[in-house]
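Below is one structure, written out as structure tokens, with a few remarks after it.
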Amino acid sequence: MTRGKSLQYTFVGMDKALALHRKIGLKKFPEKVVEIIWTHCKIVADICMVVADKFEANGGKNVDREMLFSGALVHDIGAYKCFDKRFIPKKNYMRHQYEGWKILKNEGWDERIANMALRHTPLLDFQLKNLSMKFKEEEIKPQNLEEEILAYADIFHSKGRPRFNEFEQYVSFLDSIDKRCSEIAREYREKFGEFDTKIWEANYLVWHRDVNKWIDDFKVSREI
Ligand SMILES: [Fe+2]
């Protein structure tokens, strides 16, 4: 995996971010769930660095890597509140962005990092209404380069059923929600270029296999 000049920033915020995951996650879930959400966040943070490297190499403006990496490490911190006790996403799962924003603000994290959690997936007005989130879609749409890179990177990995996603496959899922959701994703690809998950899949093959088996067993054990 090429990290290039992002290497110097790799460990900024790691301990603090992991401590926050443990603080919030272990109130409700076993250690393994924290491992799953934390690993997803780390994968997305690493993808962000690769996207940032490529963007700058192609003449794009400088990316604030420290903020991007730290924000990516905690972007799903609100997810613990939006999975049920069997680790199945609740109906209002997408509120996790708002829950994450609240947690980060309460914990005194930089407002820019809290905003990255809030805006890491663009949500449309009808979705915000269904989620009882009192925001307008312009407020939730990523508003700076770092927020856009995070939103783009997050497309390529899922955590509820951990796996890498092909862009087109994910975009058809977005299309089924609303055409504008897939259009935004395509705009990001236009801006940041393609991202190939193949090498990443090889690196996480065993982890994905083991963790998905654990999730299946956990759901069964919690149902009894
Ligand atoms: Fe995510």
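These numbers were taken from a predicted model, which means no experiment stands behind them. Computed over heavy atoms, backbone and side chain alike; hydrogens, waters and symmetry mates excluded. Whatever order the structure lists ligands and atoms in, that order sets their numbers, starting from 1.
Less than 6.0 angstrom separates the ring centroid of F164 from the ring centroid of H208.
Put simply, the side chain of W207 reaches to within 4.5 Å of the side chain of P162, judged on heavy atoms.
The name of the N, O or S atom in D76 nearest to the Fe ion (ligand 1) is OD2.
Using cut-offs of 30° and 60° for the angle between ring planes, the F29 and Y80 rings count as tilted.
For K16 and W109, the positive end sits near the middle of the six-membered ring, less than 6.0 Å away and at most 45° from its axis.
The OD1 atom of D154 and the NE2 atom of H40 subtend an angle of 90° at the Fe ion (ligand 1), given to the nearest 10 degrees.
For the Fe ion (ligand 1), the N/O/S atoms of H75 include one lying under 2.8 Å.
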